[in-house]
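Data block below; observations after.
Letters A, B, ... mirror the listed sequences (proteins, then strands); counts begin at 1.
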2 protein chains.
Amino acid sequence: MSTKTKILDAAEVLFADKGFNGTSLREITSQAEVNLAAVNYHFGSKKELIKAVMSRYMNELSPRLESALNALCLEEVKPTLIEVFSAFLEPLLHLNSFKDNGTSTFLQLLGRGYTDSQGFLRWFLTTQYPGVFTKFTQAVQKAYPELNKEEMFWRLHFTMGTIVFTMSSSDALIDIAQNDFDRQVDIAGVIKQVIPYVAAGVAAPIVR
Amino acid sequence: MSTKTKILDAAEVLFADKGFNGTSLREITSQAEVNLAAVNYHFGSKKELIKAVMSRYMNELSPRLESALNALCLEEVKPTLIEVFSAFLEPLLHLNSFKDNGTSTFLQLLGRGYTDSQGFLRWFLTTQYPGVFTKFTQAVQKAYPELNKEEMFWRLHFTMGTIVFTMSSSDALIDIAQNDFDRQVDIAGVIKQVIPYVAAGVAAPIVR
DNA sequence: GTCTATAACTAGATAGAC
DNA sequence: GTCTATCTAGTTATAGAC
């Protein structure tokens, strides 16, 4: 396994767990069992390493997600919101076959990126992977055309928040479900719980 | 104004904006125009300062919030979920008369606390202010008794996520609403937008 | 209570030997 | 491409003068 990969693998776990600010290059390189200088040699800086970690996931996720959303947009029949949100399920769970715990790690990273580092990751994702966002809003628009652009903006942001926040603490949630309710849940279980919630939220009566 | 207050005032703004990890004591003390050593003299450590910042808000918020939720629990009639969530509105907005931008700052701090510092703030709030949590679940239970404990756990967590995440980026959202939709929104406006969303999410059909 | 000075440590980044 | 050693600059925290 190459040094570059060892660094990426160690970094993504630590970043997901402790945030970007909260993780030092020293922790990453000692976890990866490579030399400290290797990060700067292979990636140039910590910021570039963060981008590389996210890109590895986004390059795996975005084509699948875009085509799933595109299929909904091209269909004759109007999709339900549940169907729109369910379109995320397969592409997200596919990350688990790409890497151990990939789905959970990626979603946690996404959550970190939205709160750490004052929106730099938001900028990175929206500029580097704009297709996902436009396809998604198109699909929601088709499912629920009564919603105007502004209302959709708010509700999609709330949805993003729900998903990202839930996933950043999914490990704790899975533990609580286990201890308090004696219920075995995995990341797919959490996603399936959250879909009806966000679908109902987006479909809430419009207040004007 | 006392040194202690100057530190608290400067700290809460910086913490809300850049997170707990992302803010140094040097930034806080120079913003507050007090000596660097004053933080450790008055609060003992950075962690204790974080607690003090949160406590100042919680002590203002929690009695009002508890009594608003309690009133719903004691009423004869069954409240709607909208009413339960609306119970948060007055106590939260009251923070604006307590401090400039108090509502927004507090909710941003809450968001930071949930993602920074690996759950120490969650522990702090649930152990120091347990009344708010129990009253809240009681009120939701009364409004929607079909929801069992486990389903309620999930949905309340999703709700927490929506609120906290939305509010941690509320400044950005308010800007976007201004620029893209030429709409003047304040923090109260954001809260009023989010209430129907979370109420509908919690009330979503149960999937078993 | 407030200050200066500094200890003790950690951070990201790099020069240069191999 | 990988290493050691080190630089610069940042961090929290504290000792001790005033």
Side-chain angles (χ1 to χ4, degrees), chain A residues 1-56 108-109 112-124, chain B residues 1-56 108-109 112-113 115-121 123-124:
Chain A
M1 196 159 57
S2 73
T3 299
K4 217 168 160 169
T5 311
K6 281 198 272 185
I7 293 172
L8 286 170
D9 288 348
E12 65 174 37
V13 174
L14 289 165
F15 283 152
D17 192 35
K18 306 156 58 124
F20 300 116
N21 285 338
T23 305
S24 70
L25 296 184
R26 285 177 165 79
E27 286 176 278
I28 294 168
T29 50
S30 74
Q31 185 66 236
E33 296 179 302
V34 302
N35 190 273
L36 170 61
V39 168
N40 279 288
Y41 178 78
H42 287 284
F43 298 95
S45 71
K46 185 177 176 179
K47 206 162 191 170
E48 289 300 316
L49 171 62
I50 296 173
K51 284 193 201 170
V53 164
M54 293 310 294
S55 292
R56 196 165 58 149
Q108 288 181 20
L109 288 170
R112 295 296 183 181
Y114 261 73
T115 50
D116 282 16
S117 68
Q118 283 162 316
F120 127 78
L121 194 62
R122 184 168 12 185
W123 166 86
F124 172 70
Chain B
M1 196 158 58
S2 73
T3 300
K4 217 168 160 169
T5 311
K6 281 197 272 186
I7 293 173
L8 286 171
D9 288 348
E12 65 173 38
V13 174
L14 289 165
F15 283 153
D17 191 35
K18 307 156 58 122
F20 300 116
N21 286 337
T23 306
S24 70
L25 296 184
R26 279 179 161 77
E27 287 176 277
I28 293 167
T29 50
S30 74
Q31 185 67 235
E33 296 180 301
V34 302
N35 189 272
L36 171 60
V39 169
N40 280 287
Y41 177 79
H42 287 284
F43 298 96
S45 71
K46 185 178 177 178
K47 206 162 192 168
E48 289 301 314
L49 172 61
I50 295 173
K51 285 192 202 171
V53 165
M54 293 310 294
S55 292
R56 196 165 58 148
Q108 287 179 303
L109 288 169
R112 294 298 183 180
T115 49
D116 282 17
S117 68
Q118 282 162 321
F120 127 79
L121 194 63
W123 166 87
F124 172 70

Is it the case that D:dG10 (base atoms only) and B:Arg26 (side chain only) share a donor and an acceptor within less than 3.5 Å, ignoring hydrogens and angles?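 Answer is no: no donor-acceptor pair is held.
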Between [atom2] of [N] and [atom1] of [X], the distance in whole Å:
X       : N      : atom1 : atom2 : result
A:Leu25 : C:dA13 : CG    : P     : 6 Å
B:Tyr41 : D:dA17 : OH    : P     : 17 Å
A:Glu48 : C:dA13 : CD    : P     : 10 Å
A:Lys4  : D:dG1  : NZ    : P     : 9 Å
A:Leu36 : D:dT4  : CG    : P     : 10 Å
A:Asn21 : C:dG12 : CG    : C1'   : 13 Å
A:Ile28 : C:dA13 : CD1   : C1'   : 14 Å
B:Glu27 : D:dT11 : CD    : P     : 6 Å

For the residue pair [X] and [Y], what are the closest heavy atoms and their distance?
X        : Y        : answer
A:Thr29  : A:Asn35  : CG2-O, 3.5 Å
A:Ala16  : A:Leu109 : N-CD2, 3.6 Å
A:Arg112 : A:Asp17  : NH2-O, 2.8 Å

Quick one: which of [options] gets closest to the side chain of [X]?
X       : options               : answer
A:Asn40 : C:dT14, D:dT14, C:dT2 : C:dT14
B:Ala37 : D:dA15, C:dT2, C:dG12 : D:dA15
B:Thr3  : D:dT2, C:dT2, D:dT12  : C:dT2

Indicate, with a heavy-atom threshold strictly under 4.0 Å, whether A:Ala38 touches base, sugar-phosphate, or nothing.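 It contacts nothing in the nucleic acid.
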So what does B:Thr23 touch, heavy atoms closer than 4.0 Å: a base, only the sugar-phosphate, or nothing?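 Touches sugar-phosphate only.
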So does [X] get a side-chain nitrogen or oxygen closer than 4.0 Å to the phosphate oxygens (OP1/OP2) of [N]?
X       : N      : result
B:Ser24 : D:dT11 : yes
B:Ser45 : D:dT12 : no
B:Asn35 : C:dG1  : no

Does B:Lys46 count as lying over the ring of B:Phe20, i.e. NZ or CZ under 6.0 Å from the six-ring centre, within 45 degrees of the axis?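 Checked: cation-pi criterion not met.
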Can a salt bridge be assigned to the pair A:Asp9 and A:Arg56 using a cut-off of 4.0 Å between side-chain N and carboxylate O?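 A salt bridge is present here (some side-chain N lies under 4.0 Å from a carboxylate O).
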